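No experiment lies behind these values; they were computed from the predicted model shown. Letters A, B, ... mirror the listed sequences (proteins, then strands); counts begin at 1.
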Amino acid sequence: MANPKLAVWKFASCDGCQLTLLDCEDELLEIAGRVDIAEFLEASSGRSGGPYDVSLVEGSVTTAHDAQRIQEIRANSKVLITIGACATAGGIQSLRNFADVAEFTRQVYAHPDYISTLATATPISDHVKVDFELRGCPINKRQLIELISATLAGRTPHVPKTSQCTECKAHGTVCVLVAHGTPCLGPVTQAGCGNLCPSHGRGCYGCFGPKEAPNPESLSARLAELGETPRQIRDLYRSFNAAAPDFSRESQRHD
Amino acid sequence: MTEKIIQVDALARVEGEGALYVKLNGDVLEKCEFRIFEPPRFFEAFLQGRDYHEAPDITSRICGICPIAYIASSSQAMEQALGIEITPEIHALRRALYCGEWIQSHTLHAAMLHAPDFLGLDSAMDIARDAPDLVRKALRLKKLGNTLMEVIGGRAVHPVNTRVGGFYTAPPRAAIEALLPELDWGAQAARELALDFARFDFPDDEGDYHFVSLTHPEVYPIIEGRIGSSRGLDIAPAEWEAHFVEEHVARSNALHGHMRDGSAYLTGPLARYALNFARLSPTAQQTARDCGLGEVVTNPFKSILVRMVEVQYAVEEAARILRGYTPPAPAFVEAAAPRAGTGHGATEAPRGLCYHSYRLDGEGRIVEARIVPPTSQNQPQIEADLARVVQANLALNDGALKLRCEQTIRNYDPCISCATHFLKLTVDRG
């Protein structure tokens, strides 16, 4: 049986999530032996063309050309999986969604007429059907390997949708919010990074996006009691997953 | 006269989305463009109004391959604006962390993105079929760089443990000591890879470069020193604006960097090496000599060797810093109080000089941000290299010439994702 054809695509992003695939140093050659890499421009100039069994998509849609391109990729892919916060929620560049992008362009470019961009940065799922979304800014290497293994085996990846708090408890990390009064998005953020920020003594800043059915109103009330201003609370939700609906709504409540 | 067009719509083995376009009329080169069509992300616009302490985490997202460059340059700029003096111990740890980025980024580029060009292959995975040990060695070395970033920075891509003033938590001594045996292995591995790559058949090419990089009297510069050049420039990072400009051209979503007189310059490994060879370790210098390199390298195709010499140096330097490591206490220096002011930061990203400046208001919020990445500075020089290489290789057939052009761009390890986001702020909203 021929190896499944894998494609890796980039939209507006920092390249960090596709880099995470190359950062699987111990597994990379084995993965490369199990798939036919048909498109992975960052790593290979070989391009064998579609249709593709699995497409991994990094980045968000920010231009009319990219809005068209994702349609073509979807039409040529049996399974389409988004990797990272840009592709699943719009990424940091979705901060433009809360501003006037024409004004942004006028401010920052000497020749705004050279620039072709959409008013919003949107997740891939706003444009096409997505079969699975891997969270994170960036994605976690272990979750990526689980995703690839599961997809090759034809099963659903095991990726928990619980909160960061469960990771802290599992790792025995002291709660920075309770013990030190440090603002932390852990209670409303999906687990998966590997318990990074609280274990380094800082609050979670939400790079894995909202957990399933979060309660940000309750968290914001506690943050206000700790002395955070409405602007600080707004900006806490307004970063790498700013356009994720649960974070976007909560940030606008404090705007 | 016959017209010939060499066009590559989507460059492979570079970070981000770019294309090249060369138009020849007979033997006359009419047009030569390195286009960046990576969509703009407006970092400098949306940084306005954010708190100073958010800049390192936000700007790290400009590039997943060199996040430390953005974290370090923005932290440095904020520290200057706020009057924070970091301790020598924090400085050393930040330098060791940055060594990790040099190791992983350079090894990724040299072994996985650049080496296939010299072997006529599509990717490192193809190299692994004939030379699995070489690729495994490179992967292990790259992993060492990532491990340094994980142990000191908390994560390899977009580290979480760094902050303005230092680190959230000092890495425990045991975790640092556990790195030392692999660092000892890594210095030798980098040397071996450099010598392996030195056997490649390098095209004849010489650029007449104006090299620009940080310079320092005592150490090979990473996060310290003044901005110097091969034509006598010697300025503090704060004087950047007086000497460099960025221009917005129609064909590119990245700004083109020039000297004030309009001339191109080159930043990156070749520039650092040429201006600071004497500050490399004797062992790294020896590797350079054994690779047949002089103290100045002007053949851009040999940048792959200079990168591996820098990897060897970075591994040795990390080991030097971390041997006898004592966790810095405190792990960070806090600002006395937010204050209005301007700060500048300049550090050596793997691809070259990464300059940041920020103006803050009295509450420590960003009023204006300016970020100049290496690839946008190198863009005019990349086009000049392309023109030179095309003129010198008109006898090649179309396929070979096209490949040579692609390779000319890959000599720079261009980070297009970085280059795109740098948009000069022309309106003061303060």
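- Side chain of B/S123 to main chain of A/S44: no donor-acceptor pair is present (N/O by atom type, distance under 3.5 Å, no hydrogens or angles).
- At a 4.5 Å heavy-atom cutoff, the contact between A/F240 and chain B is made by side-chain atoms alone.
- In the model, A/T62 has no side-chain atom that pairs as donor or acceptor with a side-chain atom of B/R41 under 3.5 Å.
- For A/D66, the part sitting under 4.5 Å from any heavy atom of chain B is the side chain, from C-beta outward, and nothing else.
- Only the side chain of B/R365 comes within contact range of chain A, judged by heavy atoms closer than 4.5 Å.
- Looking at B/E54, only its side chain comes within 4.5 Å of chain A, counting heavy atoms on both sides.
- Here the OG-CD1 distance, from A/S239 to B/I58, works out to 7.0 Å after rounding to the nearest 0.5 Å.
- Interface remark: A/Q18 contributes no atoms to any contact with chain B (heavy atom separation under 4.5 Å).
- With respect to A/R231 and B/D51, a salt bridge is recorded, a charged nitrogen being found less than 4.0 Å from a carboxylate O.
- The structure places CZ of B/F43 at 8.5 Å from CG of A/L95, a figure rounded to the nearest 0.5 Å.
- Heavy atoms closer than 4.5 Å to chain A are found in the side chain of B/L113, but not in its backbone.
- Interface residue A/R238: backbone and side-chain heavy atoms are both found under 4.5 Å from chain B.
- Summarising the geometry of A/G46 relative to B/D122, their closest heavy-atom pair is CA-OD2, 3.3 Å, with the distance given to 0.1 Å.
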* To do: Show your reasoning for whether side chain to side chain contact (heavy atoms under 4.5 Å, CB included) applies to B/L108 and A/L19.
  => CA-CA 10 Å; B/L108 169 73; A/L19 179 69; 3.6 Å; yes
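- Across every non-hydrogen atom of B/F46 and A/Q93, the tightest pair is CE2-CA, 4.1 Å.
- When each of A/C137, A/G91, A/G201 is scored by its heavy-atom pairs under 4.5 Å with chain B, the top score falls to A/C137.
- Here CG of B/L121 is found 9.0 Å from OG of A/S45. Values are rounded to the nearest 0.5 Å.
- Atom NE2 in B/H158 sits 13.0 Å away from atom CG in A/L196 (nearest 0.5 Å).
- For chain B, the nearby part of A/L29 is the side chain; its heavy atoms alone come within less than 4.5 Å.
- Heavy atoms only, all atoms of each residue included: A/T63 and B/P39 are closest at CG2-CB, 3.7 Å.
- Across B/R61 and A/I92, no two heavy atoms sit closer than the pair CB-CG2, 4.2 Å.
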* When you look at B/N146 and A/E25, which way does the side chain to side chain contact (heavy atoms under 4.5 Å, CB included) test go after all the steps? -> CA-CA 10 Å; B/N146 280 329; A/E25 289 97 357; 2.8 Å; yes
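- Neither the backbone nor the side chain of A/C17 comes within less than 4.5 Å of any heavy atom of chain B.
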* With side chain to side chain contact (heavy atoms under 4.5 Å, CB included) as the test, would you mind laying out the steps for B/R155 and A/C207 before giving the verdict? => CA-CA 13 Å; B/R155 179 157 69 183; A/C207 65; 3.5 Å; yes
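- In this structure, CG in A/L28 is found 5.5 Å from CE in B/M125, a value given to the nearest 0.5 Å.
- Ionic pairing of A/R202 and B/D57 is present here: one or more N-O contacts between side-chain nitrogen and carboxylate oxygen are shorter than 4.0 angstrom.
- Using a 4.5 Å cut-off between heavy atoms, A/I139 makes no contact with chain B at all.
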* Starting from the C-alpha separation in whole Å, work towards a yes-or-no answer on side chain to side chain contact (heavy atoms under 4.5 Å, CB included) for B/T162 and A/H200. => CA-CA 10 Å; B/T162 54; A/H200 285 88; over 6 Å; no
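- Residue A/L118: no heavy atom, backbone or side chain, is found under 4.5 Å from chain B.
- Taken from SG in A/C197 to CG in B/N161, the straight-line distance is 9.0 Å, to the nearest 0.5 Å.
- When the candidates A/H65, A/K141, A/R96, A/Q232 are compared by the number of heavy-atom contacts under 4.5 Å with chain B, A/R96 comes out ahead.
- The pair A/D23-B/K142 meets the salt-bridge criterion, with a side-chain N (NZ, NE, NH1 or NH2) lying under 4.0 Å from an Asp/Glu carboxylate O.
- Residue contact with chain B, scored on non-hydrogen atoms closer than 4.5 Å, is absent for A/A99.
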